[in-house]
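Chain letters run A, B, ... following the sequence lines, proteins first, then strands; residues in each count from 1.
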Amino acid sequence: MHISRPKGTIDFLPEDASKRRHIEELLRNAALLFNYSEIRTPAFEKTELFRRGIGENTDIVSKEMYSFSNNEFTLKPEMTAPVIRAYIENSLYNIAPVQKLYYIANMFRHERPQAGRFREFSQFGAEAIGSGDFRIDVELISFCNFFLNSFGINNFKILLNNIGSLSERRLFLEDLKDFLKGHETALSDDSRRRLVINPLRILDSKDPADIKILETAPVIFNYLNDDNKKHLGDVMNGLTRLGIVFEVDYRLVRGLDYYTSTTFEIVSSELGAQNAILGGGRYDMLIEQLGGKPAPAIGFACGLERLSMILEKNSYQYPAERKIDLYIVTSGDIAREKSLDILYSLRSKGILCETDYLNRSVKAQMKEANKLGVSYAVVIGSQEIETGTLRIKQMETGKEEIITFDGIINYKYV
RNA sequence: GCGGGUAUAGCUCAGUUGGCAGAGCGUCAGAUUGUGGCUCUGAAUGUCACGGGUUCGAGCCCCGUUACUCGCCCCA
């Protein structure tokens, strides 16, 4: 029996890796345009960071973390807490009052894999720290809209909500609980359980009976203070101004404890059950909670596997890799030895070249050259060694040109 | 943690009522001495996921296990 990769992990074979590199490149370009700077943090952190950041009672912390060394460290299950840790630890607020950071990194969660969900997965995300201005909310959401569009994706929905501060949410939660208790017998089993553990999540239920009940449930908007109501209105106006289509969804809640005020999610019908491409929101209290000087902040995280699933569904045309310029066909020991320094010289000049390492027939080597899609091929055998000249063949036209050995190095490969 | 589905060549998959293990693609080689694509010929690659059971005989039927996969939960 062979050893297989761990459940929920991915091998990126050369073609997949090439696609992923392209995705990352477009994302980095978008980040550059919106003036977000890259941040990289360790693959693991002190477990305490996630306990305090994400929340002890979330599923992520209570049962999905990969922890080790007597539970002292944990592979990062999300990136916001590490970014904020780095922000505080390195006093980034002293460098500039507003920090706009982005990352592309791998996360780890011990979950049961399914479509669009893995145990090791990649996220592209950004955090804007230091401003509570509605315009940074608009900018961040427009950033998401922009990079999705840059892949030609436009079949998605932007869902927007404002979940208020902790105190507003507490009041809402009490009323929601009271309301749901009145309908307890009609609720799904899952939702009855959630009523005790996390009633907010019932708003997200997929059960048709639950959805019916929720139609008359209390609405969080009515519990927001004037500031948050205005903030939501401002964000809506801002997005409208940019021509960005969105939907306000008062039932949109997020699963991590640190969110406050603005929350948003982008969903796609192309994805299956896990339909969120990205999710994010404000977390104005988190920095203080983690021991930093209070600062408002907003961020999002986008699942790269989900993004590439959509691209596959859309038959996205990935750009071709750079082709090999020259294939060196060799025949005989002297030629094979000679090929060593020719290859090295060519590569030193930035020319992509390859040769055969199996001592195969000239015909087999030409086939190989053709398969690789090289632009030129040259045969080096005893004749060429004797005369000091060789013929370089343009593969597409089949035309040959006579050149010297030095000529290979200086040839204009187009 | 709980459910549904699937498992045959490197890949995509056929395999009838239980009766010799298959196709296409890919790989490799050959088709007159040292030249690719097209075509033709040939070759290699299998613990039919694993372990039991039924049967004269199991890829096929039954039981168990594992893996993969899609859902629930939760989330990107």
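- B/C70 atom P lies 15 Å from atom CG of A/Asn275, rounded to whole Å.
- On a pure distance criterion of 3.5 Å, no polar donor-acceptor pair joins the side chain of A/Arg360 and the base of B/C28.
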Would you list the atom pairs, donor with acceptor, under 3.5 Å between side chains in residues 242-250 of chain A and any protein atom, with sequence neighbours excluded?
from: A/Asp249; atom 1: OD1; to: A/Arg251; atom 2: N; distance (Å): 2.9

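- Stretches of at least 3 consecutive Watson-Crick or G-U wobble pairs, with each checked distance under 3.5 Å, appear in RNA chain B as B:1-7 with B:66-72, B:10-13 with B:22-25, B:27-31 with B:39-43, B:49-53 with B:61-65.
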Task: A/Tyr318 and A/Ser18: CA distance, side-chain angles, deciding distance, side chain to side chain contact (heavy atoms under 4.5 Å, CB included) verdict - done: CA-CA 9 Å; A/Tyr318 289 88; A/Ser18 161; over 6 Å; no
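- Contacts with RNA chain B (heavy atom under 4.0 Å) in residues 42-67 of chain A: A/Asp59, A/Glu64, listed by number.
- Across all strands, A/Ile277 comes closer than 4.0 Å only to sugar-phosphate atoms, never to a base (heavy-atom distances).
- Rounding to whole angstrom units, CZ of residue A/Phe147 and C1' of B/A76 are separated by 11 Å.
- Going from atom CE of A/Met366 over to atom C1' of B/U35 covers 5 Å, rounded to whole Å.
- Between A/Tyr36 and A/Tyr102, the distance from one ring center to the other does not fall under 6.0 angstrom.
- At a cut-off of 3.5 angstrom, the base of B/G34 holds at least one donor-acceptor pair with the side chain of A/Glu384.
- Annotation: A/Ile385, atom CD1; neighbour count of heavy atoms from other residues, nucleotides and ligands within 6.0 Å is above 12.
- When heavy atoms are screened at a 4.0 angstrom cut-off, A/Ala276 is found touching the sugar-phosphate backbone but no base atom.
- Exactly one residue among A/Arg192, A/Arg193, A/Arg194 makes a side chain to side chain contact (heavy atoms under 4.5 Å, CB included) with A/Leu187. That residue is A/Arg192.
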- [ ] Please step through ring-ring contact (aromatic ring centres under 6.0 Å, His included) for the pair A/Tyr411 and A/Tyr376, ending with a clear verdict.
- [x] CA-CA 11 Å; A/Tyr411 193 84; A/Tyr376 297 89; 5.3 Å; yes
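- In this structure, A/Met309 atom CE and B/A76 atom C1' are separated by 11 Å, rounded to whole Å.
- A donor-acceptor contact under 3.5 Å is formed by the side chain of A/Arg117 with the base of B/C74.
- At most 12 heavy atoms of other shown residues, nucleotides or ligands fall within 6.0 angstrom of atom CZ in A/Arg135.
- The aromatic rings of A/Phe143 and A/Phe147 sit perpendicular to each other, their planes meeting at more than 60°, with 30° as the lower class boundary.
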